[in-house]
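Position 1 is the first residue of the sequence, and the numbers go up from there. Below, all heavy atoms of this structure are taken into account, side chains as well, without hydrogens, waters or symmetry copies.
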Amino acid sequence: MNSKLNALSEGLVYTNRIDLKSFNDDLATDIEWKPLNKLGSSNFLSKKLISISGSHAAIETTRHVKAFISIWFVCWIGAWFWLGVSFAPLAILLGAALFYPLIQIQQFNKTRGFEYGWPWKNKLALVARRDMYALQIIHGGARIKYQTFELNLVANSGTRHAIFKEANLAYLEGIAGELSGIFGIPIWNAARQQIRFG
């Protein structure tokens, strides 16, 4: 495991203790604090926040993961030809499970808000700037050797929108800080309450 992630992720114990009153907001007591993103997370950096300008940013897949995806597809295409057509459904299912969360478009605009969706759709879903209320950081689930954490956007209605899932809590907090600076919304960081060093 990457030593940077190891220092932040290994040795942590999940306690699930959250003092919602510490956020000083009634909406914080009304929303869910369970993991929103059902998909897994790796113990290496798979996505990063790209600042395009002072008012525009996007979350993109890292070049290392893009290279891995390319190699993966070449290997599976070779296996497909070698093992025959009957192998195709398994290849498609495994590919979808691994790479589905990595191809989603996620972009932030200081004027418009948060847009997200899939490349094959004509229109992206939008959380308008006026509806963006807070950023939520929570424990996202435990893996064999590391913990994961989630960054979610909370709308005025209390609806949560998944932004990021990562094993490196400090990195996630850095992204939340940048987005908080762009949009001027608070960060509700429950992850630091939910974990402790074992």
Side-chain angles (χ1 to χ4, degrees), residues 18 20 23 25-42 45-66 68-69 72-73 92-141 148-169 171-191:
I18 308 174
L20 296 180
F23 301 121
D25 197 298
D26 290 338
L27 186 60
T29 63
D30 294 336
I31 66 171
E32 288 283 340
W33 289 88
K34 297 177 181 178
L36 176 63
N37 190 338
K38 305 297 183 183
L39 298 172
S41 173
S42 61
L45 188 62
S46 60
K47 288 189 173 185
K48 59 183 178 179
L49 183 69
I50 306 295
S51 294
I52 299 172
S53 68
S55 61
H56 188 198
I59 291 178
E60 295 185 356
T61 304
T62 62
R63 61 182 181 179
H64 300 92
V65 172
K66 288 178 181 177
F68 175 77
I69 291 174
W72 187 92
F73 272 114
I92 293 171
L93 286 173
L94 286 174
L98 282 171
F99 306 128
Y100 178 79
L102 299 178
I103 59 176
Q104 186 181 36
I105 297 171
Q106 294 174 293
Q107 53 195 31
F108 303 87
N109 185 286
K110 192 172 184 178
T111 304
R112 286 180 55 78
F114 174 47
E115 294 179 294
Y116 62 97
W118 308 104
W120 54 83
K121 289 193 174 181
N122 294 328
K123 189 176 181 180
L124 298 176
L126 172 69
V127 181
R129 170 65 187 88
R130 63 180 178 276
D131 297 326
M132 297 174 65
Y133 193 85
L135 294 163
Q136 177 195 57
I137 302 177
I138 56 174
H139 182 266
T148 65
F149 304 94
E150 281 187 11
L151 173 61
N152 301 315
L153 172 64
V154 181
N156 289 334
S157 62
T159 304
R160 297 183 301 156
H161 303 268
I163 297 177
F164 216 108
K165 191 164 189 175
E166 178 59 54
N168 188 332
L169 177 55
Y171 183 78
L172 204 66
E173 290 170 331
I175 291 176
E178 289 188 53
L179 294 177
S180 176
I182 292 174
F183 295 106
I185 55 178
I187 300 171
W188 296 341
N189 190 348

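- Considering only residues two or more places apart in sequence or on other chains, Y116 meets the ring-ring contact (aromatic ring centres under 6.0 Å, His included) condition with F114, H161.
- Scanning all heavy atoms of the two residues, the minimum distance from K34 to R160 falls at O-NH1, 2.8 Å.
- To the nearest 0.5 Å, the span separating CG on L172 from NZ on K165 amounts to 11.0 Å.
- Using a 4.5 Å heavy-atom cutoff, the side chains of D25 and Y133 are in contact.
- Formation of a donor-acceptor pair under 3.5 Å by the Q136 side chain with backbone atoms of V154 is not found in this model.
- Inter-residue side-chain proximity for L124 and Q107 is flagged as met; some heavy-atom pair is nearer than 4.5 Å.
- Judged purely by atom type and a 3.5 angstrom limit, E115 has no side-chain atom pairing as donor or acceptor with the backbone of N109.
- A heavy-atom distance below 4.5 Å is found between the side chains of F149 and H139.
- In this structure N156 satisfies the side-chain hydrogen bond (donor to acceptor under 3.5 Å, both in side chains) test with no other residue, sequence neighbours excluded.
- Proximity of M132 to L179: side-chain heavy atoms (C-beta onward) are nowhere separated by under 4.5 Å.
- Across all non-hydrogen atoms, the minimal contact from G113 to F183 is O-CZ, 4.0 Å.
- Remark: K110 pairs with S55, I182 by the side-chain contact (heavy atoms from CB on, under 4.5 Å) rule, at least two apart or across chains.
- For T159, the side-chain hydrogen bond (donor to acceptor under 3.5 Å, both in side chains) partners are S157, not counting sequence neighbours.
- Among residues two or more places apart in sequence or in another chain, the side-chain hydrogen bond (donor to acceptor under 3.5 Å, both in side chains) test is passed with E173 by N189, R192.
- With contacts defined as side-chain heavy-atom distances shorter than 4.5 Å, the pair I137/L169 qualifies.
- For R129, the side-chain hydrogen bond (donor to acceptor under 3.5 Å, both in side chains) criterion is met by no residue, not counting sequence neighbours.
- By the neighbour-count criterion of 12 heavy atoms within 6.0 Å, atom CG of D26 is sparsely surrounded, having that number or fewer from other residues, nucleotides or ligands.
- Side-chain contact annotation: E166 with N168, donor-acceptor N/O pair under 3.5 Å absent.
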Could you go step by step and tell me if L49 and F164 meet the side chain to side chain contact (heavy atoms under 4.5 Å, CB included) rule?
-> CA-CA 10 Å; L49 183 69; F164 216 108; 5.7 Å; no
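- Across every non-hydrogen atom of I185 and S180, the tightest pair is O-OG, 2.6 Å.
- You'll find the side chain of L153 reaches within 4.5 Å of the side chain of L135, heavy atoms only.
- No donor-acceptor distance shorter than 3.5 angstrom exists from the side chain of W188 to the backbone of I138, with no hydrogens or angles considered.
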